[in-house]
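Before any comments, here is the structure.
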Amino acid sequence: MAAIKSLVSQVAVLMLVVLAVQTQTAQAQMSCPAELSNLNVCAPYVVPGAANVVPSSECCSALQSVQHDCLCSTLRIASQLPAQCNVPAVSCGVN
């Protein structure tokens, strides 16, 4: 009987952990678009040929507020777009 109670307790804890992770993931997915839209203030610094290449404090703050997973997922998804659209892959050299 004690073994069954222990197993039930472990399963309950596992279910709570899974629920917490799913909740955090859902919240991150909902906040990511808003975080990325805040990066619009950085556009003048990343457009090729931009006159000002030093980002403003507003841009740096916006970038700092973006969750690491959000930014990485966005870059990963963007890198897959050419293949999904049947266009040649983009290869960028480092200057």
Side-chain angles (χ1 to χ4, degrees):
M1 185 67 154
I4 292 175
K5 284 185 179 181
S6 176
L7 180 60
V8 169
S9 294
Q10 291 174 355
V11 169
V13 169
L14 179 61
M15 289 174 62
L16 287 174
V17 169
V18 169
L19 181 60
V21 169
Q22 288 177 339
T23 301
Q24 288 176 343
T25 301
Q27 289 173 344
Q29 288 174 347
M30 290 181 351
S31 67
C32 186
E35 292 174 13
L36 293 175
S37 70
N38 290 337
L39 290 178
N40 287 336
V41 297
C42 296
Y45 310 102
V46 297
V47 175
N52 191 355
V53 293
V54 178
S56 67
S57 61
E58 187 178 18
C59 170
C60 294
S61 293
L63 182 60
Q64 188 173 16
S65 71
V66 177
Q67 296 288 325
H68 183 261
D69 290 343
C70 174
L71 192 56
C72 290
S73 293
T74 302
L75 293 173
R76 180 183 48 78
I77 292 166
S79 71
Q80 295 172 355
L81 282 176
Q84 293 173 347
C85 294
N86 295 318
V87 296
V90 176
S91 176
C92 302
V94 179
N95 294 334

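Along the sequence shown, residues carry numbers from 1. What you see is a predicted model; the values in this text were computed from it and never measured.
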**Item:** More than 12 heavy atoms of other groups within 6.0 Å of Q64 CD
**Value:** no

**Message:** Any heavy-atom pair between the side chains of N52 and Y45 that's under 4.5 Å?
**Reply:** yes

**Message:** Using 0.5 Å steps for rounding, measure from the SG atom of C42 to the CG atom of L36.
**Reply:**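 Reported value, rounded in 0.5 Å steps: 11.0 Å.
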
**Complete:** d(N38 CG, C59 SG) to nearest 0.5 Å is 11.0 Å

**Item:** For E35 against Q67, the heavy-atom pair lying closest together
**Value:** OE1-N, 2.8 Å

**Message:** Show the nearest heavy-atom pair for residues A50 and P44, with the distance to one decimal.
**Reply:** CB-O, 3.0 Å

Can I get a per-line list of side-chain donor-acceptor pairs under 3.5 Å for residues 68-83, giving both atom names and the distance, sequence neighbours left out?
unit_1, atom_1, unit_2, atom_2, d
S73, OG, D69, O, 2.9
T74, OG1, C70, O, 2.7
S79, OG, R76, O, 2.7

**Asked** Within the side chain of S37, is there an N or O that forms a donor-acceptor pair under 3.5 Å with the backbone of A34?
**Response** yes

**Asked** Do V41 and V66 share a hydrophobic cluster, counting only Ile, Leu, Val, Met, Phe, Trp and Tyr and linking them when any side-chain heavy atoms are less than 4.5 Å apart?
**Response** no

